[in-house]
Structures are given as C-alpha cells and as structure tokens.
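Model, not experiment: these values are computed from the prediction. Order of the sequence lines fixes the chain letters, A, B, ..., with proteins taken first and strands second; residue numbering starts at 1 for each chain.
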Protein chains: 2
Amino acid sequence: MTKIKREVPVRIAGEDNPNTAVNRRRPGGRATLEDVARHAEVSTMTVSRALRDTSLVSPSARERIEAAVRELGYIPNRAARTLASARSKLIAVLVPSLSNAVFVETLAGVQDCVGPAGYQLLIGNTGYSPARQAELLSAYLAHAPDGFLVTGSDDTKAIREHLKTSGVPLVHMFDLAAAGEWSVGFSQRKAGHAIGAHLAGRGARRPGFIAAQLDPRTMQRRAGYRRALREAGLDAGLEILTKQPSSVDLGCTLLRSLLSEAPDCDAVFCCNDDLALGALFECQRLKIAVPRDLAIVGFNDLPFAAVASPSITTVATPRYAVGFEAARMLLQILDGIAPERNRIDLGFDLVVRESA
Amino acid sequence: MTKIKREVPVRIAGEDNPNTAVNRRRPGGRATLEDVARHAEVSTMTVSRALRDTSLVSPSARERIEAAVRELGYIPNRAARTLASARSKLIAVLVPSLSNAVFVETLAGVQDCVGPAGYQLLIGNTGYSPARQAELLSAYLAHAPDGFLVTGSDDTKAIREHLKTSGVPLVHMFDLAAAGEWSVGFSQRKAGHAIGAHLAGRGARRPGFIAAQLDPRTMQRRAGYRRALREAGLDAGLEILTKQPSSVDLGCTLLRSLLSEAPDCDAVFCCNDDLALGALFECQRLKIAVPRDLAIVGFNDLPFAAVASPSITTVATPRYAVGFEAARMLLQILDGIAPERNRIDLGFDLVVRESA
DNA sequence: CTGAAAGCGCTTACAG
DNA sequence: CTGAAAGCGCTTACAG
C-alpha cells in the first residue's frame with residue numbers, strides 16, 4: 001500500500017487554531033506564493049515574475065495575480081527571497097552614536113536614498129567602541145546585508161579585515177578613506193583649521209579648545225585647529241580634553257575647567273555644538289559676555305545654533321548629504337556601476353554668527 | 001547513461017573567481033553549516049544543535065565544531081534560519097520621529113532589552129504620518145518580525161486591523177492602549193494637568209500654550225493642562241498651535257506669536273523642551289526676564305533643560321524605560337509568558353526648576 | 001547524544 | 001510569455 005503524498009495542503013476554511021500559544025509553522029496561515037498561484041491559476045514562477053516586474057507577464061495573468069494578492073492579503077516572505085536570490089535588500093549602517101543628532105540626520109539621508117530602491121536598514125550603534133563595532137559587523141554579516149555603510153569608531157583596517165572575505169561592499173561615511181576604499185565625507189582637518197583661522201583673525205589672544213569623546217574625527221579637527229593657531233603665531237596648548245560622552249551639561253563643566261586653568265582665555269572652540277551650548281549657558285550664569293569677554297565656536301550647526309542668544313558661530317557639516325551620497329555610492333556599486341570617484345569630499349561651511 | 005549527481009560540491013582550494021563583478025551564488029564562498037559539519041566530521045544537525053545550545057552536544061563534538069567554525073569563519077545565514085524555523089529574531093519598531101531625542105532614547109531602551117536576547121531591530125520612522133505607518137507595517141510584515149513595538153501616529157485601530165491576521169504580537173509605546181492590547185506608557189493627560197496646576201499654583205494670571213506637530217500625545221497633554229487651568233478658575237483659551245514639526249527655531253516663532261496675541265501673558269507651557277528652549281532664547285533676545293516676566297515650562301526633560309540658564313521647569317518622562325519595558329513585555333509574550341498586566345503606567349515627574 | 005529526511009517559500013537557470 | 005525542476009541554508013519532527 002502506498003502512502004499518498006498530498007501535493008496541495010488542504011486548508012479548511014474557518015479552521016482557526018484556538019490554541020494560539022502553540023507555535024505552529026504558519027501562524028495565522030499566512031498566504032504563500034503558491035496560494036496566490038493557485039488562486040490566479042498560473043504557476044508560482046509567473047507570480048514571482050509579476051511581483052518583481054509586471055511587464056514580465058501578460059496583462060491577463062497580471063490582473064488575476066493582482067486580484068489574488070489582494071484577496072489573500074499576500075505579503076512576500078523576504079527570508080525566502082533572500083535565501084533563494086542571495087540578495088537580502090538589507091543595508092547595514094553602523095554609526096558611533098544616536099544621541100548625537102548628526103548621525104540621526106545622516107541616517108535620514110541614507111534612508112531617503114535607499115528607501116525608494118527597496119532596501120531596508122539595519123542600524124547599529126557602536127557607541128564609539130571598536131569592540132562593539134566588531135561585534136556588530138559579525139552580527140550583521142549573518143543577515144547577509146548587500147552592503148555596509150559605516151562611520152568608524154577607529155581605524156578602518158579592522159573593518160576591512162572583517163569584511164574582506166565576505167565580499168560585501170562597504171562605504172565609509174565621514175572618514176575620507178584611503179585609496180582602494182569607498183568614502184564620502186569632508187576634511188575634518190580643514191574644518192578645524194578654518195575655525196582656528198577665524199578665531200585668530202578676529203583677534204583672539206588666548207584661545208582654548210574643549211572636547212569630549214575624542215573620537216578620530218574630533219582629533220582631526222583638533223589637529224587642523226592647532227595648526228591654524230600656530231600659523232597665526234598663537235599658543236595651541238590650552239585645551240581640556242575628556243573621553244566622556246559629549247553633552248550640553250559637559251559643555252558647562254569643561255568651560256569652567258578651561259576658565260579656571262586660564263582665566264585670560266578669550267575664545268573657545270568647542271568640538272561640537274552641544275558643548276558650545278553648554279559653554280554658552282555657563283557664560284550666562286557666570287555673567288561672562290559672549291562674544292565680548294569670550295568668543296565661542298561650535299561644530300556641526302545643529303538647529304539650535306542659529307537661534308541661540310547669542311547665535312552660535314559654527315561649522316555647518318553636510319551630514320544629511322554624507323548619508324545620502326554614501327548610500328548612492330553603495331547603490332551604484334551594488335548595481336555594478338563604478339562610481340566616478342572613490343572618495344567624495346562634500347566640504348563644509350564656516351557659519352559666522354554672533355558668538356564669535 | 002546516467003548523470004552523476006555530485007552530492008558534495010567540489011571546492012578547489014585557491015579557486016578564486018577573478019571576475020568579482022559577476023554575481024555568483026556564493027560571493028566569497030561563504031561557509032555553510034554543511035561545510036562546518038564536514039570539517040568537524042559530524043552531521044549538519046549536530047552542528048545546528050551545537051550552535052544553538054552547546055549543552056545539546058557531546059563535549060568532543062562541540063570542540064571539533066567550534067574549531068571548524070573558527071577555521072572556516074563560519075557565520076550562520078539568518079535568512080535560512082528564519083525560513084526553516086519561522087522565527088526571524090527581528091523586532092520591528094515604529095516611532096514617529098528620530099529628530100526628537102525622546103524616541104532615540106526609547107530606541108536605546110528597546111535595544112538594551114532585546115539585544116542580549118539575540119534580537120535585531122528594524123527601525124521605522126513614520127514621520128507622524130498614518131499613511132507612512134501603514135506602509136511600514138506592510139513592508140515590515142514581509143520580514144516576518146517576531147513582534148512589533150509602536151508609537152502610533154494616530155488611532156490604534158488601523159494598526160490592529162493590519163496585524164490582526166498576521167498574528168504578530170504588538171506592544172504600544174507611550175499610548176496606554178485599551179483593554180485587549182498591550183501597552184507601556186504614562187498618562188499624558190495627567191502630565192499636562194500637573195503642569196497646568198503648577199502654573200496656576202505659582203500665581204499665573206494669563207497662561208498660554210504653544211504646541212507643534214499636534215500629535216495625539218501632545219493633544220492629550222493639552223487636554224489635561226486645560227482642565228487644570230479651568231479647575232483653577234483660569235482661562236484656557238490662549239494658545240498657539242501649529243502642525244509644523246517641532247524645533248527650537250519654531251519655539252522662538254511661537255513665543256513671538258503668543259506675545260503679540262497676548263502681551264499680558266505671564267506663563268507659557270511649551271509642549272516640549274525644544275520649543276521651550278526656543279522660547280527661552282527669544283525671551284533673552286526680547287529682554288524678557290524668565291521667570292519674573294514670563295514663566296516657561298517644557299516637556300520631557302531633555303538633557304539641556306537642567307543646565308540651561310535659567311534652568312527649565314519641565315516634566316521628566318520615562319522614555320528609556322518605556323522602550324525597555326515595552327520590549328520586555330513583548331519578549332515575555334514571545335516566550336509564551338503572560339505579562340502580569342496588559343498596560344504598564346510608568347508615571348512621570350514634574351521637575352520644578354528656575355524657569356517656572 | 002546523534003542523524004536521515006523533508007520542507008520552509010522563494011528564485012535561478014533552463015527549456016519551451 | 002510561461003512552467004517544471006532544483007536548490008538556497010537552515011530547522012523541525014522523527015527515529016534511533
């Protein structure tokens with residue numbers, strides 16, 4: 001006696017499993033491609049084609065398939081698609097922080113670029129930690145992302161090492177990487193230099209620098225800033241650095257430290273706007289007139305900088321564009337189009353306002 | 001003549017495909033479970049077990065498997081796991097905004113809770129749009145998330161409708177949903193009431209309200225605030241509302257509108273801290289003493305509120321906890337454990353500072 | 001503690 | 001324009 005193999009699983013209408021706690025294979029009886037095919041009286045292949053590109057299929061088939069999809073509430077299973085096609089339509093994005101508005105806007109740029117192309121984002125927060133970054137890289141590799149977009153918390157070598165064998169393309173954001181790598185950003189060094197030059201140009205005698213986190217990009221800004229001061233014949237030695245995460249609160253604290261170390265300090269470059277806002281608040285508390293007694297410069301041009309009182313002089317960074325262009329570059333690579341350049345420098349703008 | 005089917009694909013060492021542009025099935029020849037099994041001289045099942053729970057396997061097998069994994073650089077393919085197990089280990093999180101720091105911190109709470117349990121997040125930004133929310137719900141359903149965490153941009157009914165048939169559990173964040181739904185949040189209405197009562201209590205004669213975005217939660221705060229004013233015998237009619245996205249800049253603008261409409265206004269409840277910061281800056285520009293001439297209250301207690309000058313009176317909201325507890329509730333549901341309560345009220349704190 | 005079989009729901013690569 | 005076959009890389013459900 002032969003067992004009869006049921007080619008088509010029998011679905012009894014209204015056969016709801018009352019015991020929802022039990023983990024059945026198809027919770028809710030979600031419709032599959034096969035269900036749609038049967039309903040539309042075509043093969044699964046035709047449905048598969050119609051779903052990807054309607055022009056691949058005859059109008060009549062297309063109509064029936066669309067009707068079936070609607071009736072069954074069919075939603076494709078991406079895991080199956082990923083497994084079969086070896087394309088996940090997932091892009092992994094690694095940023096050092098999300099409490100920093102800069103990276104939130106970068107993500108918006110990425111999202112706006114890849115969303116219309118049908119990609120989903122896997123967003124990882126490395127917290128500026130190389131170890132965490134390595135972990136995330138591995139974890140995300142398991143999802144077989146089609147590409148990586150990363151703002152490195154440290155050297156790019158470890159990243160390369162990790163991804164090299166996987167063959168997944170990667171574009172660096174903010175770091176203008178070396179040849180042989182893809183990158184979109186701007187020169188942190190030049191930006192820092194522009195600030196140093198501005199401060200020197202407006203007559204600062206004793207400028208100071210306050211910085212938190214001390215990530216690579218901050219240190220590059222510092223290098224440019226120091227060079228500008230030296231070029232202007234000024235001492236670049238006055239600085240308060242801490243590895244603590246940046247915050248407005250910390251800006252207050254660091255400003256106090258700076259002034260206690262150098263009461264004659266007459267200008268301060270804060271490594272970002274949050275710090276600058278804290279410094280400004282602290283000055284208001286201490287009755288220090290800005291910019292008359294102390295000039296303050298921030299970095300990034302976050303939304304509040306323009307409307308603070310006094311408004312804050314800062315460097316406007318193209319963070320949204322960095323995300324968008326890095327994503328575009330990655331998409332080109334994924335589509336097999338060679339981007340014109342392997343590194344795109346988006347530049348920056350020194351925005352001179354009231355505070356310096 | 002019979003074709004011989006190769007049971008084991010032959011892999012020739014050093015056989016690198018020079019044409020990396022060609023999209024082969026296995027870019028980089030990523031190792032599979034089968035590769036590991038062969039290397040460790042066990043079956044794929046044993047490897048599968050060892051990977052999930054080492055105690056399921058003999059120590060000797062375990063050792064060989066671990067060695068093989070290391071040597072081959074094996075990284076599991078989650079798409080395959082998802083397809084076979086019907087569990088994606090993905091949690092979809094929908095928030096109305098990422099430029100609002102509140103939701104960034106909520107996401108941090110979610111991440112900190114689900115990360116250790118091996119879940120990845122799919123983060124969707126609805127931009128406060130119900131239409132976008134519906135789109136994202138569908139898009140994410142394709143990824144077969146094990147659960148949803150959402151802060152609704154509108155009514156919860158549409159969400160239910162969408163997810164009902166899918167059987168994917170959902171926990172609401174911030175909205176304390178109706179019975180039969182899972183939710184973690186706090187009473188926006190009571191929080192608004194606390195602010196109204198505080199302003200009345202400190203002698204406000206002509207309080208005003210400024211608000212942006214006008215999402216459901218903002219309107220609930222407004223309702224509580226107005227009731228408190230009425231209870232104190234004050235007029236609740238003075239308000240400037242706009243659907244524009246919230247920003248510090250907008251806070252400046254709305255404050256000016258408020259004062260031009262009611263020059264005798266002596267207290268203002270800003271629906272969030274960004275608006276309050278803008279209002280404060282504008283007062284500084286207009287030489288309006290805060291709180292003497294005008295009291296300012298914000299909402300959320302973002303990091304800058306405590307250190308502004310003057311420091312800003314506001315309501316501290318448990319946003320990190322909302323994310324964490326909502327995630328915990330969801331994880332319990334996924335593990336088949338019934339949470340004690342279906343709605344968790346985390347409360348809030350009125351933080352009285354200098355500005356009001 | 002271990003393994004052979006079957007299948008998850010799609011797409012690729014052919015063939016017509 | 002359409003379809004039958006095979007397979008993507010895992011896990012489930014059995015069986016030992």
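The minimum heavy-atom distance linking A/A327 with A/V114 is given by the pair CB-CG1, 3.7 Å. Listed here is the closest heavy atom pair of A/R30 and A/D35: O-OD2, 4.1 Å. For the pair B/P145 and B/S88, the tightest heavy-atom approach, listed with the atom from each and the gap, is CA-OG, 3.4 Å.
Here A/S60 lies out of heavy-atom contact (under 4.0 Å) with every strand. Here A/A79 lies out of heavy-atom contact (under 4.0 Å) with every strand.
For D/dG16, the paired nucleotide is C/dC1, the pair qualifying as Watson-Crick or G-U wobble because both relevant distances are below 3.5 Å.
At a cut-off of 3.5 Å, with distance as the only test, no side-chain donor of B/R62 or B/S58 sits close to an acceptor on the other residue.
Taking atom CZ of B/R78 as the reference point, atom C1' of D/dC8 lies 17 Å away to the nearest angstrom. Between B/R81 atom CZ and C/dG9 atom C1' there is a gap of 18 Å when expressed in whole angstrom units. Regarding A/L83, its CG atom lies at a distance of 7 Å from the P atom of D/dG9, rounded to whole Å. In this structure, A/E34 atom CD and C/dC10 atom C1' are separated by 11 Å, rounded to whole Å. Counting to the nearest Å, the C1' atom of C/dG7 and the CG atom of A/L33 are 16 Å from each other. If you measure from atom CG of B/D35 to atom C1' of D/dC8, you get 13 Å, rounded to the nearest angstrom. Across the protein-nucleic acid pair, A/I65 atom CD1 and D/dG3 atom P stand 9 Å apart, rounded to whole Å. Following rounding to the nearest Å, A/R87 (CZ) and C/dT11 (P) show an atom-to-atom distance of 13 Å.
A heavy atom lying under 4.0 Å from DNA chain C marks the following residues of residues 45-54 of chain B, by number: B/M45, B/T46, B/R49.
Using cut-offs of 30° and 60° for the angle between ring planes, the B/H143 and B/Y140 rings count as perpendicular.
In this structure, B/L122 CG and B/F148 CZ are separated by 8.5 Å, a value rounded to the nearest 0.5 Å. Once rounded to the nearest 0.5 Å, the distance linking CG of B/L98 with CG of A/L98 reads 7.5 Å.
Distances were taken from every side-chain heavy atom of B/S85 (C-beta onward) to each of C/dC10, D/dT12, D/dA4; the shortest belongs to D/dT12. Counting only heavy atoms from C-beta on, A/Y74 has its side chain closest to C/dC10 among C/dT12, C/dG7, C/dC10.
Phosphate proximity of C/dG3 to B/S43: present, with a side-chain N or O under 4.0 Å from OP1 or OP2. Checking the phosphate oxygens (OP1, OP2) of D/dT2, a side-chain nitrogen or oxygen of A/S58 falls inside 4.0 Å.
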